[in-house]
Number of protein chains: 2
Amino acid sequence: MSTLDGPEHTPVPPPILNPAGGANQVRVRAYNERLVLSLVRLYGALSKADIARRSGLSAQTVSVIMRVLEKEGLLSRGAPVRGRVGQPSIPMHLNADAVYSFGLKMGRRSADLVLMDFVGRIRMQLHRTYAYPLPDEILAFVTSGIQELEDRLDEKQRGRIAGLGIAAPFELWNWAEEVGAPPGAMEVWREVDLQADIAARVSHPVFMQNDATSACGAELVFGVGPSYPDFVYFFIGSFIGGGIVLNSAIFSGRTGTAGAIGPLPVRGKNGETMQLLEIASIFVLENMLRERGIDPEPLWYSADDWVDFGEPMETWIQDSAKALAQAIVAAASIVDFSAAVIDGGFPHWVRSRVVQATIDEAAKLDLQGVVMPEIIEGAVGAQARAIGGASLPIFARYLTDQNVLFKEVDHAEGT
Amino acid sequence: MSTLDGPEHTPVPPPILNPAGGANQVRVRAYNERLVLSLVRLYGALSKADIARRSGLSAQTVSVIMRVLEKEGLLSRGAPVRGRVGQPSIPMHLNADAVYSFGLKMGRRSADLVLMDFVGRIRMQLHRTYAYPLPDEILAFVTSGIQELEDRLDEKQRGRIAGLGIAAPFELWNWAEEVGAPPGAMEVWREVDLQADIAARVSHPVFMQNDATSACGAELVFGVGPSYPDFVYFFIGSFIGGGIVLNSAIFSGRTGTAGAIGPLPVRGKNGETMQLLEIASIFVLENMLRERGIDPEPLWYSADDWVDFGEPMETWIQDSAKALAQAIVAAASIVDFSAAVIDGGFPHWVRSRVVQATIDEAAKLDLQGVVMPEIIEGAVGAQARAIGGASLPIFARYLTDQNVLFKEVDHAEGT
DNA sequence: CAATAAATAAATCCAATTGAATTATTAATT
DNA sequence: AATTAATAATTCAATTGGATTTATTTATTG
């Protein structure tokens, strides 16, 4: 047998990957415990026998693991389910009060600090608006806010705080003037390592993730995620951002901003090429309102303070929908997403109208050969970014969204 | 503590995912064995101590595993490395002759059958061209071809064949006339299950994957993959197709054709919207040649039979580069790929010119805010699809490209 | 000869499995 | 209504088997 031809072997370049580590018993147990918790979370409540069936583990193994988790207070037993032959099954569910987690959403016009419980419910929250964010003010807001919220907890509850997850935009210094910050005011952010600065002032582990990616993560875990294994996600905040879910896991990419989507080129209403964020962002609506002499401040107080702003809002929704439809077609041409999810920092009724308008606009485009995703509303809502942030510490420690054995548990807290 | 607000919990829809199974010792060993083999493959050669360091497993565990793999003939020992303090280390490398695998590339104008060894070298190959593919002829080509190649192997070698991997286009009935098939001739393919039909005639496990995805997989494993954790891949065959690599793993998506890329809308040279495949496909060049009275047949014999076709080829390269540049920008807006890899069923010098032209065209586009990938040539070449096909059986059985514990080992052979 | 590192041998550890037993139900039969 | 069979959830005890730990051997440099 002789070599006729081979692949053109460029001499193997030094691999940049440090592939995952090997498996051993300790890691296997840790993995199986996370798997059990994740299954319980996904299904709401499951008996030991259910978990055994769904995980492929033996009933005995599941029994042992779940007894430990129950003893640790992470799981609690529900009412026995009767009505079927055999011993009644005891559904186990997550103990909502087993773990708490702080989530900080830092935006260009407002910040939110929330305390979330183990099942994703917001238990307390603080809100602050500003013309533009400055590091010192943000730091003060977080430290005093955490202090304030912790004071409302008892000793035992404080001990159950898993950490703080920050959801913040990257490159705040870009587009600063467009949102009304004085020239140069946002340059300070170039030098700031928000995660490190906060970690130095807070006694909990601190995690950080792009704000739109965080919102996408919240949608994956608490929203439509269980129904769609992959989707492209749009979150319309003061700036539009997005995220990508593949195989039921967030894909954040090399630079941590996969699915940033903002700079995607789309055709504007006069046929000129524009970036998506120049059209489908709330700051655009804000400017439109201001131009027409309407006070835009209510946009930032709370999503529920929005009123129907009439014509300018109508125009903004139509323009945004046109741009979003193009973005969705472009995304669908690259990856065969099953859904395109749209959410934002606005009330439900605005979201509904944006989605419906986008569906209508998409139908007008040339879709030949494109596998179009379902265009749907997000199920989480305006607080998605804070919720996504708050879920970072919980996932890092207790849950797994992928069947991956080692996610380099220690890296998560790093960058 | 009272609930202020929660995520808007739509009642959890029945999850469609059957999350991965739990871990146990048997699976752990299987995983660790694959991990060891994959590390050896990635780095070319590694000592037991190296593997222990890189995998995080204990030296003893690695020692045991690697002795088994050596005994099974999958690994062989290289020359001891001296020059450093301590016992010299013995680099272990894959035994090229330990495993063989057939790869079938079935295209619209030609088919290739290759026998690949364990380190990705083509050891034998057969080639056939046709005006258009028909099931019976393909079946005959595969069965007689496998027979012919196996006859050249001795008994022992025949026993080491891992299987047959098929790389074929999906939906052959589309665009049939454009490539010169008589109307309706390709309709038979709607009813054909090529994988099943071949499996019924061949005594090896049979795997199948989209042809462009396969080429992408070959690039991941044997080409630039080790240097780029994620890239978008274009393979210019009679039709252009593509693939996507994320986190050093092929992402094939819901429909198995993520990164199909062909239907991506681009602006044609007259400003009209066209699909990428209508521009950057070899059949377009073929038609251009025919229109000018040039015999296009050499395009299909072998990549090395191409001659410089002059003006029409020049035009085709320019047009294709323009379209590819647009496609790359669109892809980069969705995912922050580190590279865009271009390869095709043509000789190196054509590839170089296409890539250089694409780089030039990309520079002319509006790239503000887009994280542009490096645009590079594929390192595998014209046989990428067959090589990618042939690697399917090997990966299914011996290797792992992801740190995923269970890939449902038995499903691979199914669909 | 000391130091260092690779490789191996033997003993130990520990999580998952297996098989049997227990418990709590419903369904069928008397 | 009482009894018995069937079914299913759960747990106990013993076993299995792969990874780790500890100690030892081997081969090299300085």
Side-chain angles (χ1 to χ4, degrees), chain A residues 20-37 39-40 43 45-72 75-93 405-406, chain B residues 20-37 39-40 43 45-72 75-93 405-406:
Chain A
N24 60 29
Q25 283 176 316
V26 177
R27 292 167 185 176
V28 159
R29 165 56 73 101
Y31 168 76
N32 284 340
E33 283 184 359
R34 279 167 181 261
L35 178 64
V36 167
L37 284 172
L39 283 168
V40 170
Y43 288 85
L46 286 177
S47 69
K48 291 169 183 168
D50 282 334
I51 297 269
R53 280 186 290 265
R54 289 189 192 282
S55 68
L57 294 171
S58 70
Q60 173 62 5
T61 298
V62 172
S63 185
V64 170
I65 290 174
M66 292 184 83
R67 257 177 294 166
V68 170
L69 294 175
E70 187 185 0
K71 203 168 182 179
E72 290 175 353
L75 293 178
S76 18
R77 41 185 67 215
V81 174
R82 295 162 214 280
R84 275 172 307 175
V85 172
Q87 177 164 329
S89 67
I90 299 179
M92 307 288 286
H93 54 86
L405 200 45
F406 311 116
Chain B
N24 61 32
Q25 280 177 316
V26 178
R27 292 167 185 175
V28 159
R29 166 54 75 103
Y31 168 77
N32 284 341
E33 282 184 1
R34 280 167 181 258
L35 178 64
V36 167
L37 284 172
L39 283 168
V40 171
Y43 288 86
L46 286 178
S47 69
K48 291 170 184 169
D50 281 335
I51 298 268
R53 280 186 291 263
R54 288 189 194 283
S55 68
L57 293 171
S58 70
Q60 174 62 2
T61 299
V62 172
S63 184
V64 169
I65 289 175
M66 292 185 84
R67 256 177 295 168
V68 170
L69 294 175
E70 186 186 1
K71 203 168 183 179
E72 289 175 353
L75 292 179
S76 17
R77 43 185 66 215
V81 174
R82 295 162 213 278
R84 274 172 307 176
V85 173
Q87 178 164 327
S89 68
I90 300 178
M92 306 289 287
H93 55 85
L405 202 44
F406 311 115

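First the proteins, then the strands, lettered A, B, ... as listed; each starts at 1.
- Here D:dT11 presents its P atom at 10 Å from CE of A:M66, a figure rounded to the nearest Å.
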field: Worked check of side chain to side chain contact (heavy atoms under 4.5 Å, CB included) between B:Q60 and B:V64
entry: CA-CA 6 Å; B:Q60 174 62 2; B:V64 169; 3.8 Å; yes

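- The interatomic distance linking B:R84 (CZ) with D:dT26 (P) rounds to 22 Å, in whole Å.
- The nearest heavy atom of DNA chain C to A:V26 and to B:A49 marks one nucleotide each, and the one closer to the 5' end goes with B:A49.
- At the heavy-atom level, B:R77 lies nowhere under 4.0 Å from the strands shown.
- Mapping B:P80 and A:P88 onto DNA chain D via the closest heavy atom, the residue that lands nearer the 5' end is A:P88.
- Within the 4.5 Å cutoff, side-chain heavy atoms of B:R29 are placed close to those of B:I65.
- Smallest separation of non-hydrogen atoms from A:P80 and A:P91: CA-CD, 4.4 Å.
- Rounded to an integer number of Å, the gap from CZ of A:R53 to C1' of D:dA9 is 9 Å.
- Nucleotide C:dA24 holds its C1' atom 10 Å from the CD1 atom of A:I90, rounded to whole Å.
- Comparing C:dA16, D:dT11, C:dT8 by their closest approach to the side chain of A:S63 singles out D:dT11.
- For the pair A:L46 CG and D:dA8 C1', the computed distance is 16 Å after rounding to whole Å.
- To the nearest angstrom, P of D:dT25 lies 14 Å from CD of B:Q87.
- Residue A:K48 has its side chain nearest to D:dT11 when only D:dT11, C:dA16, C:dA7 are considered.
- Closest to the side chain of A:R67, from the set D:dT10, C:dT17, D:dC12, is D:dC12.
- Counting only heavy atoms from C-beta on, B:T61 has its side chain closest to D:dA19 among C:dT18, D:dA19, C:dT8.
- We find that CD1 of B:I51 is positioned 16 Å from C1' of D:dA19, with the value rounded to whole Å.
- When heavy atoms are screened at a 4.0 angstrom cut-off, A:S89 is found touching the sugar-phosphate backbone but no base atom.
- Contact check, B:N32 against D:dA19: a side-chain N or O comes under 4.0 Å of OP1 or OP2.
- Inter-residue side-chain proximity for B:L39 and B:S55 is flagged as met; some heavy-atom pair is nearer than 4.5 Å.
- For B:I65, taking side-chain heavy atoms from C-beta onward, the closest of the listed nucleotides D:dA19, C:dA7, C:dA16 is D:dA19.
- When rounded to the nearest whole Å, the span between CD of A:Q60 and P of C:dA20 equals 15 Å.
- Counting heavy atoms from C-beta outward, A:L37 and A:L75 have side chains that approach closer than 4.5 Å.
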